[in-house]
Number of protein chains: 2
Amino acid sequence: MQMTAPEFDLMFGALADHTRRDIVRRAIDAEEGIAELAGHYPMSFAAVQKHVAILERAGLVTKQRIGRRKVVRTNLEGLRAARRLLDRYEELWRGRIDRMTELVSEGKETHP
Amino acid sequence: MQMTAPEFDLMFGALADHTRRDIVRRAIDAEEGIAELAGHYPMSFAAVQKHVAILERAGLVTKQRIGRRKVVRTNLEGLRAARRLLDRYEELWRGRIDRMTELVSEGKETHP
DNA sequence: CATTGATACAACCATACGGTTGTATAACTG
DNA sequence: CAGTTATACAACCGTATGGTTGTATCAATG
């Protein structure tokens, strides 16, 4: 699953809020509806609802209707997409170290 | 290195912008000053300078004076801190699967 | 079908964000 | 030390964000 820049903007933007990260964590167990989630935070139901909407737009959670509730569930693939980008940066870093090492040993390699 | 919620806010917030992610990527090689970085983007020098400041405040890059330039360098530890949080979420997910599996096999275990 | 419970959505407010221009400071160079 | 280069910072502007309250929809229940 290949992500575009604006999708990453949404994803990291969604993760840049403590309440939303906590919702992601809680929604891993996929047990609570929005009203239940809202009970954990010192803000209105509507505010939490907006947070969930932002997470949903970012692809980090989905909502599933169960009875009259809508249970919020974390989307593992979304989390993985974000993590993979950070992995890529670390790979680039490693590549840089490799290039530096190669540069240092170049003398040896070209003049054995 | 243990991070607090507001630090993660800054970190993910900093990553929630395409230009800033690109600066992080470029700064892995730690070769360019701010003016050189600014050359890559369709915006003013001051705008790029502000982006770098945001990345610096988030602990994702550092600046090192070299001559009259200030070379921007990505801070690997910052990237790792963000990645580790996402890793933790995935572990929680795995734990949930384990608990579910355990629950399912419980019948077998208790009545062999 | 009227009521209750859970969610959705619009309007509004204060503050933060991404960009601009302009001015000031630091460090090399002649 | 005068001039140039690279960076810093303040002021400003439009828009997005995080919160509020109020109203509307939708599903289960008596």
Side-chain angles (χ1 to χ4, degrees), chain A residues 4-27 29-74, chain B residues 5-27 29-75:
Chain A
T4 68
E7 287 173 326
F8 278 120
D9 288 3
L10 289 177
M11 188 151 285
F12 285 114
L15 288 170
D17 182 282
H18 184 39
T19 303
R20 286 196 292 262
R21 286 193 302 274
D22 198 68
I23 292 175
V24 165
R25 184 183 61 74
R26 292 196 127 96
D29 290 326
E31 288 175 352
E32 301 184 295
I34 297 177
E36 287 150 303
L37 281 174
H40 301 299
Y41 310 107
M43 66 187 70
S44 69
F45 171 86
V48 172
Q49 189 172 252
K50 277 169 82 170
H51 281 308
V52 171
I54 288 170
L55 287 168
E56 195 177 19
R57 217 164 79 89
L60 285 167
V61 307
T62 57
K63 284 182 288 191
Q64 185 191 358
R65 174 129 246 158
I66 293 188
R68 58 179 75 178
R69 293 182 314 150
K70 272 196 173 168
V71 169
V72 180
R73 144 175 300 135
T74 296
Chain B
E7 287 174 326
F8 278 121
D9 288 3
L10 289 178
M11 188 154 283
F12 285 115
L15 288 169
D17 182 281
H18 184 39
T19 303
R20 286 196 292 261
R21 286 193 302 277
D22 198 67
I23 291 175
V24 165
R25 183 182 63 72
R26 293 195 125 98
D29 291 327
E31 287 176 352
E32 300 184 297
I34 298 178
E36 286 149 302
L37 282 173
H40 302 299
Y41 311 107
M43 65 187 70
S44 69
F45 170 87
V48 172
Q49 189 172 253
K50 277 170 82 171
H51 281 308
V52 170
I54 288 170
L55 288 168
E56 193 177 19
R57 216 164 81 91
L60 285 167
V61 306
T62 57
K63 284 182 289 192
Q64 186 193 356
R65 175 128 246 160
I66 293 188
R68 59 180 74 178
R69 294 181 315 150
K70 272 195 174 170
V71 169
V72 181
R73 142 175 302 135
T74 297
N75 174 20

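Any value given below was found using the heavy atoms of this structure, including those in side chains, with hydrogens, waters and symmetry copies removed. Residue numbers start from 1 in every chain, and the chains themselves are labelled A, B, ... in the order their sequence lines are given, proteins ahead of strands.
A distance-only check finds a donor-acceptor pair linking the side chain of Arg20(B) to the backbone of Ala14(B) [under 3.5 Å]. A donor-acceptor pair under 3.5 Å links the side-chain atoms of Arg21(B) to the main chain of Ala5(A), judged by distance alone.
Nearer the 5' end of DNA chain D, as judged by each residue's closest nucleotide, is the contact made by Glu32(B), out of Ala16(A) and Glu32(B). Comparing Glu36(B) and Val48(A) by the nucleotide of DNA chain D that holds the closest heavy atom to each, the one mapping nearer the 5' end is Glu36(B).
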Short heteroatom pairs, N/O only, protein and nucleotides 28-30 of chain D, under 3.5 Å:
none

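dA8(C) atom P lies 13 Å from atom CZ of Arg69(A), rounded to whole Å. Spacing between atom CD of Glu56(A) and atom C1' of dT7(C) amounts to 12 Å, rounded to whole angstrom units. Atoms CZ (Arg57(B)) and C1' (dA16(C)) sit 11 Å apart, rounded to a whole Å. We find that CE of Met43(A) is positioned 13 Å from P of dT21(D), with the value rounded to whole Å. Remark: C1' of dT17(D) and CG of Leu10(A) are 13 Å apart, rounded to the nearest angstrom. Spacing between atom OH of Tyr41(A) and atom P of dG19(D) amounts to 12 Å, rounded to whole angstrom units. For the pair Asp9(B) CG and dC17(C) P, the interatomic distance rounds to 10 Å; values are reported in whole Å.
Distance from the side chain of Arg20(A) is smallest to dG18(D) among dT20(C), dG18(D), dT7(C). The side chain of Gln49(B) lies closest to dA8(D), out of dG18(D), dG18(C), dA8(D). When distances are taken from the side chain of Ile34(B) to each of dA6(C), dA8(D), dG19(C), the shortest belongs to dA8(D). The listed nucleotides are dT20(C), dA26(C), dG18(C); the one nearest the side chain of Arg65(B) is dA26(C). Comparing atom distances between the Lys50(B) side chain and each of dT7(D), dG18(D), dT20(C) picks out dT20(C) as nearest. Distances were taken from every side-chain heavy atom of Ala46(A) (C-beta onward) to each of dC9(C), dT21(C), dG18(C); the shortest belongs to dC9(C).
The side chain of Ser44(B) places no N or O atom within less than 4.0 Å of a non-bridging phosphate oxygen (OP1 or OP2) of dG19(C). Dashed line: the shortest gap from a side-chain N or O of Lys63(A) to OP1 or OP2 of dA8(C) is under 4.0 Å. Distances shorter than 4.0 Å separate some side-chain N or O of His51(B) from OP1 or OP2 on dG19(C). In terms of phosphate contacts, Lys70(B) brings a side-chain nitrogen or oxygen within less than 4.0 Å of OP1 or OP2 of dA8(D).
The side chain to side chain contact (heavy atoms under 4.5 Å, CB included) test with Leu37(A) is passed by exactly one of Ile23(A), Val71(A), Asp22(A), Thr19(A): Ile23(A).
Heavy atoms of other residues, nucleotides or ligands lying less than 6.0 angstrom from NE2 of His40(B) number more than 12.
Using a 4.0 Å heavy-atom cutoff across all strands shown, Ala47(B) reaches at least one base atom of the nucleic acid.
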